[in-house]
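Every value quoted in this text rests on a predicted model; they were computed, and no experiment measured them. Scope of the values below: all heavy atoms of this structure, side chains included, with no hydrogens, waters or symmetry mates.
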Amino acid sequence: MSQQAKHASELSTAVRKKKLLADAALHRANIIVARADIAAGVRPGALTKDVLLHLTESSKGLLLASLRGVIANPGKLSPLLLTGISLLSKPFIRKPLMYAGIAGGAVAGAIYLINLFSNKDTNQNDGGQ
């Protein structure tokens with residue numbers, strides 16, 4: 001018989017139950033403290049900024065990968081260009097494409113400004129180095 005089993009058999013059921021309840025209460029208190037520490041470390045907007053940065057990085061990677069494929073084989077681009085030109089000739093698609101272009105430009109401009117201002121803030125916090 002192992003030492004733990006021997007020790008457990010020596011304790012009564014009520015004592016073991018009290019010990020387990022005390023351990024559970026200590027565990028719950030540790031979880032509450034850990035949650036408070038995590039919540040204190042998260043700044044407002046930090047999660048949103050991280051999500052936007054991850055999205056821009058992943059879209060940038062996808063765009064660069066597709067551009068590398070086109071540069072390696074320019075023949076792949078001609079059907080895409082022909083499809084785009086034929087779509088632009090249809091009057092019902094011009095307006096949504098224009099709106100999509102404006103929205104995409106606004107998002108790209110906002111991301112550029114966010115990166116520009118965040119770089120200035122970090123440079124000022126570092127002492128202008």
**Prompt:** Should F117 and Y112 be counted in the same cluster of Ile, Leu, Val, Met, Phe, Trp and Tyr side chains packed under 4.5 Å apart?
**Reply:** yes
**Interatomic spacing from NZ in K49 to CG in L53 - rounded to 0.5 Å** = 6.5 Å
**Prompt:** Roughly how far, to the nearest 0.5 Å, is OG of S58 from CG of L63?
**Reply:** 11.0 Å
**Asked** Could you give the distance from NE2 (H54) to OG1 (T56), rounded to the nearest 0.5 Å?
**Response** 9.0 Å
**Item:** CD1-CG distance between I32 and D37, expressed to the nearest 0.5 angstrom
**Value:** 12.0 Å
**Asked** Any side-chain heavy-atom pair from T13 and R16 closer than 4.5 angstrom?
**Response** yes
**Message:** To the closest 0.5 Å, what do you measure between CD1 (I102) and CG (L97)?
**Reply:** 11.0 Å
**Request:** Give, for atom CD of E57 and atom CG of L52, the distance between the pair rounded to the nearest 0.5 Å.
**Result:** 11.5 Å
